[in-house]
A.B. asks: 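The structure under discussion is supplied below as structure tokens; questions concerning it will follow.
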2 protein chains.
Amino acid sequence: MKLLLVEDDALLAQGLIHSLKKEGYSVEHAGSICCAMAFIDEGNIEMVVLDLGLPDGDGLSILKAIKQSKLPIAVLLLTARDSTDDKIIGLDLGADDYLPKPFDAKELFARLRVIGRRLGSQLTTQLSSILTCSNVTLDLGGHQAFVDGIAIELPRKEFMLLKALIENQARVLSKAQLENKLYQWGEELGSNAIEVHIHHLRKKLPKGFIKTLRGIGYVVGKQ
Amino acid sequence: MKLLLVEDDALLAQGLIHSLKKEGYSVEHAGSICCAMAFIDEGNIEMVVLDLGLPDGDGLSILKAIKQSKLPIAVLLLTARDSTDDKIIGLDLGADDYLPKPFDAKELFARLRVIGRRLGSQLTTQLSSILTCSNVTLDLGGHQAFVDGIAIELPRKEFMLLKALIENQARVLSKAQLENKLYQWGEELGSNAIEVHIHHLRKKLPKGFIKTLRGIGYVVGKQ
DNA sequence: TTCATTTCTTAAGTTTTCCTTAATTTTCAA
DNA sequence: TTGAAAATTAAGGAAAACTTAAGAAATGAA
């Protein structure tokens, strides 16, 4: 289930992203309205958790845009305001649920499950969970990779690394960018961990699949 | 839209019935669990507004009964308790929404509109009572499992665990996701219960049937 | 009810796998 | 050619999962 979290408080967002991923969601994060709209336009978001208190405008405009687009996207509102009128406006604009801050993460998850259950009976999609780049395929739901259709085992970090590369195929990712994708900005990497993971990946993937651009970074699927 | 209000406070009920009718609902009123069940058994209720604080027992039992019956009835909970855990229990039992007392009637109506909108586009998913994954079969009705056609005994939790895994075969479920499926968020799991159940299950199932993806979760039925 | 039995949770010890580090070698571009 | 960047190796340590066992709960029967 692909979920977009629209929340500008970085600390709160970080924690939620982590827990939501543990709950099984594929999470994107936007800290502003324009960033959120970019993700939505991209097309494969199924659920939005929307904080109404954003720096660059009223979050309700995102809700309006989603509902006007008629895309099958469910929206759960999140806000510090708890006046009944705001709730009503949100719900009547088409929001699927509403949670006042401060909230218990467990309640958020429970409400998301309700929405997910509902979506599940409307959509039969799990297709967005397959990524492909030439003869390499990633099954995100099954956490499995295939080379020429043959399954290969990948440990967690290697899988994350390959996922990041394929999601950005034909685009070069620097080691710093890759580190940001693999590590929750908690611990600094003091060594060449990325290089070692790349090396392990290469032994399992087709020759030349991951290209090195010396001094710049790594890339897959270029030319 | 035929709505059943389950509320024992006569005064509050009186007012709500009046306003709900004004909103266009066809309203029935029950002041007790048994009375409510009678209306539901009668058969043409589409929506229930359920007060949890009833004189003759816990309103949650009505919710359970409705959801077990698989009738396409939406339920909105209404209650004075506002502990998060109660909300979560209600929502996970299948309630469509929740409103803590005291509430603003306008908010109730807004939430009912959301539910009504949803009911309009809802299709009922009839679950098969037999699940299969390679040579393992689950009979949900008979609460029994078969390996190569031979019945094996599974305690409740182990059965639920296997059911969750097979329902999501070829998709990895994290321990957090499995916990959500086995426990109604009433109490926290402070330990490695999931791991222990997995261990017991494995002793009864074909070798390699449940795979571990370290750091990710468990999966069955993968290539 | 009470008791006996099954099932569940907790906790500790063990094992396994994976990740990081660091030292060394190789490659590449200036 | 030469120095910096990347590749390669191997090992130590840490995290996650497995296993076992015992006590707590839940269940069901008398």
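Naming convention: chains lettered A, B, ... in sequence-line order (proteins, then strands); numbering from 1 in each chain. Basis for what follows: all heavy atoms, side chains included, without hydrogens, waters or symmetry-related copies. Quick caveat, the model's predicted, so the values are computed rather than measured.
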A.B. asks: Report the distance from atom NZ of B/K157 to atom C1' of C/dT6, rounded to the nearest whole Å.
C.D. replies: 15 Å
A.B. asks: Output yes when at least one side-chain N/O atom of A/Y218 is less than 4.0 Å from OP1 or OP2 of D/dA6, else no.
C.D. replies: no
A.B. asks: Taking only the side-chain heavy atoms of B/R156 (C-beta and beyond), determine which of C/dA22, D/dA7, C/dT7 contains the nearest atom.
C.D. replies: C/dT7
A.B. asks: What nucleotide among D/dA4, C/dC8, D/dC18 has an atom nearest to a side-chain atom of B/N192?
C.D. replies: D/dC18
A.B. asks: If I take atom CD in residue B/E158 and atom P in nucleotide D/dA26, what distance separates them, rounded to the nearest angstrom?
C.D. replies: 18 Å
A.B. asks: Decide, yes or no, whether a salt bridge links A/K101 with A/D51 under the criterion of side-chain N to carboxylate O below 4.0 Å.
C.D. replies: yes
A.B. asks: Closest approach to the side chain of A/P155, judged atom by atom: which nucleotide of C/dT20, C/dT9, C/dC18 is it?
C.D. replies: C/dC18
A.B. asks: Sort out for me which residue in A/H197, A/H200, A/H143 forms a ring-ring contact (aromatic ring centres under 6.0 Å, His included) with A/F159.
C.D. replies: A/H143
A.B. asks: Taking only side-chain nitrogens and oxygens of B/Y183, does any of them come within less than 4.0 Å of OP1 or OP2 of C/dT9?
C.D. replies: yes
A.B. asks: Just to be sure I understand the rule, does B/T212 reach a base, reach only the sugar-phosphate, or reach nothing, if contact means heavy atoms closer than 4.0 Å?
C.D. replies: sugar-phosphate
A.B. asks: Could you tell me the separation between the CG atom of A/L182 and the P atom of C/dC19, rounded to a whole number of Å?
C.D. replies: 10 Å
A.B. asks: Could you state the NE2-C1' distance from A/H200 to D/dT9, rounded to the nearest angstrom?
C.D. replies: 8 Å
A.B. asks: Starting at CD of A/E195 and ending at C1' of C/dA22, how long is that distance when rounded to a whole Å?
C.D. replies: 12 Å
A.B. asks: Quick check on DNA chain D: between B/K203 and B/L213, whose nearest nucleotide comes earlier from the 5' end?
C.D. replies: B/L213
A.B. asks: If we ignore hydrogens and angles and just use 3.5 Å, is the side chain of A/R202 paired with the main-chain N or O of A/I210 as donor and acceptor?
C.D. replies: yes
A.B. asks: Measure from the side chain of A/V196, starting at C-beta and using heavy atoms only, and say which of C/dA11, C/dT16, C/dT21 lies closest.
C.D. replies: C/dT21
A.B. asks: Would you kindly compare B/A193 and B/R214 by the position of their nearest DNA chain C nucleotide and give the one closer to the 5′ end?
C.D. replies: B/A193
A.B. asks: Using whole Å, what does the distance between atom P of nucleotide C/dC19 and atom CD1 of A/I194 come to?
C.D. replies: 11 Å
A.B. asks: Going by atom type alone, with no hydrogens or angles, which donor-acceptor pairs under 3.5 Å involve a side-chain atom of residues 8-16 of chain A and a protein atom two or more places apart or on another chain?
C.D. replies:
{"from": "A/D9", "atom 1": "OD1", "to": "A/L11", "atom 2": "N", "distance (Å)": "3.0"}
{"from": "A/D9", "atom 1": "OD1", "to": "A/L12", "atom 2": "N", "distance (Å)": "3.2"}
{"from": "A/Q14", "atom 1": "OE1", "to": "A/W185", "atom 2": "NE1", "distance (Å)": "2.3"}

A.B. asks: Mind listing the closest non-hydrogen atom pair of B/V136 and B/P206 along with its distance?
C.D. replies: CG2-CD, 3.9 Å
A.B. asks: Return the value, rounded to whole Å, for the distance between atom CD1 of B/I198 and atom P of C/dT10.
C.D. replies: 17 Å
A.B. asks: If the cut-off is 4.0 Å, is A/H199 near the phosphate of D/dA7, judged by side-chain N/O to OP1 or OP2?
C.D. replies: no
A.B. asks: A/K175 near the nucleic acid: base, sugar-phosphate alone, or nothing, with a heavy-atom cut-off under 4.0 Å?
C.D. replies: sugar-phosphate
A.B. asks: Please work out if B/F159 contacts a base, only the sugar-phosphate, or nothing of the nucleic acid, heavy-atom cut-off 4.0 Å.
C.D. replies: nothing
A.B. asks: Between P on D/dC18 and NE2 on B/H197, what's the gap in Å once rounded to a whole number?
C.D. replies: 14 Å
